[in-house]
Amino acid sequence: MNKRKLASLEIKNDKGFIFPVMSFIDSLVQRHTSVDASRYQQIRFVALEVLKQRIENSYPGSKGDIFVELYIVGDFFEISVRDKGIPGWQDFSFDKNGISENKKDLRNYMISLFVDEIGMEKLGSEGQRVFVRKKILNPLNFVKPEPYEETAILDTNITIRPVVTEADVIEAIRCIYAEYGYSYSYERLYYVNSFMSLIKSGEIMSFLAVNDHGQTAGHFLLAFSDLYKNMPEVSTVVVKKEFRGLGLFAKFMNYCDEVGKEHGFRALMGQPVTYHPMSQKAFLRAGYTATSLLMSYINPEIESEYNKDGERLGLSVSVKMLDEDAFSKIYVPEEIKDFADKIYKRLGMKYEMCQSSEKDDFTQMSAETSTALKMSKIIVRSAGDELEDEFRQAIMDAIKKKSEMIELVLCLNSKSCAYAYEIAKKCDFSFSGIIPGAENGDYIIMQMLLGDKMDYNKLVLVGEFEELRSDIVNIVKCSKEEK
């Protein structure tokens, strides 16, 4: 997500700073954001509690610096508190039966209702950062798509062009609504202004398929992320019903290759859902390599009307390298060495596979929770002695925040990767695959389903994705047998 800093304040751990800091934030929000008053008051309440907690506990018996920072992150307004004091996780647990009697339970229950995302980053020698996020835009309620009315195709000479004007954006939104109603997880794509701002900021590149008579046949976009730098995801692919059977998906994939090579992208990523074999086949035919399975990844309430059984949706991840000179030095845990070797060879990517079980001096880790997706995400770039404690705290935090799934991302380019992998297994994370190709790192993906088991049999997979499942299941089985 595109991240823009609005302001940064440096204060001391003195309660006297609380009022002026919050007053400054109030005035800044009024000048620079479009968040409405009621939604801002909710995030303000939570940010105030986090600030109080860090002022009271970060530097006991001494003075120290605390930084309060404000950002616009995609469609979120973010308030964060950063310091180098004693590490500590804000406790957001509560007993719902005790909220009428216990002040802490009442406060934490309200916090759970008031913010869309809350998380923490362990910054090694730079300390830690706690952040809370609230969507600037009013959330959309799910509306089942109206019965689709097919129109007569006037011609089948389809060309693809970038979305540029507001009229183009409206056509793109119509395509998305025809497929998903208002349940698609990326809500900014439903607002014309926010859609345009995503394009202008470079967070997405959006495209329409149009025939010579101006009829829109479909839409897709390339979505960019901070985690997978210079490896955009081919996303939001919609082909209107009357234009299906014309090979448009393949045309989209070829066009993505052209755009990628023109802009110097290192690679492309596709994440077809695990109940849709046709899209998996389309990515494989386009030269993508199956690399990972993201089990139970998406809350079914916000993604698609296709999923009628109430279960979370899984994704099957695939990658296509575009840069023929791309090289990566990776530190692969022994247990997945053969798996990684197979993936990198299929990708045609140059790599050096190294062995190391070293620890780093510090753990660099971020953890955040999306209340809408009901999932938490932990990213580890380096692992130190305290990693196991950090994992267990993060897991407890995810449980308290009612997450249903935790995704763990380990950097394969870190010498401490193998050490982090063993600690993750000890904490009951299961291997889900790897995602190579990003300019800023290759990653091992691990997961934990809270209160449930990984059910690989329910996935509907084909071809290389089916082989991928078999390899992952064997690795997970061996890990359990080791225990």
Side-chain angles (χ1 to χ4, degrees), residues 1 80 82 87-89 117-131 225-229 231 291-292 294-295 297 317 328-337 339-340 353-370 375-399 401 403 405-450 472 475-476 479:
M1 290 187 289
S80 72
R82 175 170 58 88
W89 287 73
E117 293 185 1
I118 188 163
M120 174 173 284
E121 291 181 317
K122 297 291 186 180
L123 305 172
S125 61
E126 294 301 310
Q128 68 173 10
R129 188 177 81 98
V130 183
F131 61 86
S225 71
D226 294 332
L227 180 59
Y228 303 111
K229 187 177 179 182
M231 184 172 69
T291 69
S292 183
L294 300 178
M295 300 285 294
Y297 197 78
V317 183
S328 189
K329 186 175 183 179
I330 52 177
Y331 296 85
V332 182
E334 184 65 31
E335 186 175 80
I336 65 167
K337 184 178 178 181
F339 177 92
M353 190 176 293
C354 306
Q355 296 296 307
S356 171
S357 57
E358 295 181 26
K359 302 176 189 177
D360 282 298
D361 294 334
F362 300 99
T363 293
Q364 290 188 322
M365 180 181 109
S366 64
E368 61 184 64
T369 296
S370 168
M375 66 166 284
S376 297
K377 187 168 190 171
I378 303 170
I379 301 172
V380 178
R381 295 207 172 268
S382 62
D385 282 325
E386 71 279 16
L387 183 65
E388 184 174 348
D389 290 338
E390 301 288 3
F391 275 164
R392 297 198 184 281
Q393 290 182 37
I395 292 167
M396 289 304 300
D397 194 56
I399 292 171
K401 293 171 186 172
S403 288
M405 190 276 289
I406 305 175
E407 179 189 16
L408 174 61
V409 180
L410 306 177
C411 183
L412 268 166
N413 309 107
S414 168
K415 290 183 178 180
S416 60
C417 181
Y419 168 72
Y421 180 77
E422 293 301 321
I423 296 297
K425 289 197 301 178
K426 187 177 178 181
C427 294
D428 294 323
F429 284 96
S430 294
F431 177 70
S432 292
I434 63 175
I435 302 182
E439 193 173 273
N440 55 340
D442 298 346
Y443 304 99
I444 293 175
I445 308 298
M446 303 181 78
Q447 290 183 272
M448 177 186 295
L449 297 183
L450 297 170
I472 290 174
I475 290 172
V476 172
S479 293

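What you are looking at is a predicted structure, and each value in this text was computed from that prediction instead of being measured.
Using modelled atom types, one side-chain atom of S292 and one backbone atom of S432 make a donor-acceptor pair closer than 3.5 Å. The backbone N or O of E358 lies less than 3.5 Å from a partner atom in the side chain of S356, making a donor-acceptor pair. Panel note: side chain N440, backbone K229; a donor-acceptor pair is recorded below 3.5 Å. The closest donor-acceptor contact from the side chain of Q447 to the backbone of M295 lies under 3.5 Å. Proximity of a side-chain donor or acceptor of N413 to a complementary backbone N or O of D442 within less than 3.5 Å is detected. Under the 3.5 Å distance criterion, the side-chain polar atoms of S225 are matched with a main-chain donor or acceptor of Y228.
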Evaluate the side chain to side chain contact (heavy atoms under 4.5 Å, CB included) criterion for residues K377 and L227: first the C-alpha distance (whole Å), next the side-chain angles of each, then the deciding distance (0.1 Å), finally the verdict.
-> CA-CA 12 Å; K377 187 168 190 171; L227 180 59; 3.7 Å; yes
Any chance you could lay out the side chain to side chain contact (heavy atoms under 4.5 Å, CB included) test for K401 and E368, step after step, and finish with the verdict?
-> CA-CA 10 Å; K401 293 171 186 172; E368 61 184 64; over 6 Å; no
Stepwise side chain to side chain contact (heavy atoms under 4.5 Å, CB included) test for D389 and R392 = CA-CA 5 Å; D389 290 338; R392 297 198 184 281; 5.6 Å; no
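In terms of heavy atoms, M231 sits closest to I435 at CE-CG2, 3.9 Å. Pairing each heavy atom of Y443 with each of V409, the nearest pair is CD2-CG1, 3.4 Å. Summarising the geometry of C417 relative to Y331, their closest heavy-atom pair is CB-O, 3.5 Å, with the distance given to 0.1 Å. Residues A340 and M353 share a closest heavy-atom pair of CB-CE, 4.2 Å. Across S382 and D360, no two heavy atoms sit closer than the pair CB-OD2, 3.1 Å. What you find for Y419 and A383 is that their closest heavy atoms are CD2-CB, 3.8 Å.
Side-chain contact between F429 and I444 is absent, with no heavy-atom pair separated by less than 4.5 Å. For the pair L450 and S403, the minimum side-chain heavy-atom distance is below 4.5 Å. Counting only heavy atoms from C-beta outward, the side chains of V332 and F339 never approach each other to under 4.5 Å.
Here I399 contributes atom CD1 and M448 contributes atom CE; the two are 7.5 Å apart, rounded to the nearest 0.5 Å. Between atom CD1 of residue I445 and atom OG1 of residue T291 there is a gap of 8.0 Å, rounded to the nearest 0.5 Å. If you take OG on S376 and CD1 on I406, they are separated by 5.5 Å, rounding to the nearest 0.5 Å. Annotation: the span from L449 atom CG to S430 atom OG amounts to 8.0 Å, rounded to 0.5 Å. Between the OG atom in S414 and the CD1 atom in I330 there is a gap of 13.0 Å [rounded to 0.5 Å]. Atoms OG and CD, on S370 and E117 in that order, are 5.0 Å from each other to the nearest 0.5 Å.
Just one of R381, M446, M365 meets the side chain to side chain contact (heavy atoms under 4.5 Å, CB included) condition when paired with L410; it is M446. Of the candidates K122, E386, E388, E390, E386 is the only one forming a side chain to side chain donor-acceptor pair (under 3.5 Å) with T363.
Residues satisfying the salt bridge (charged side-chain N to carboxylate O under 4.0 Å, His left out) test with R82, not counting sequence neighbours, are E69. Contacts of E121 classified as side chain to side chain donor-acceptor pair (under 3.5 Å), with partners at least two apart in sequence or in another chain: R129.
Using modelled atom types, one finds a donor on one side chain and an acceptor on the other under 3.5 Å when comparing Y297 with E407. In the model, Y421 has a side-chain atom that pairs as donor or acceptor with a side-chain atom of E335 under 3.5 Å.
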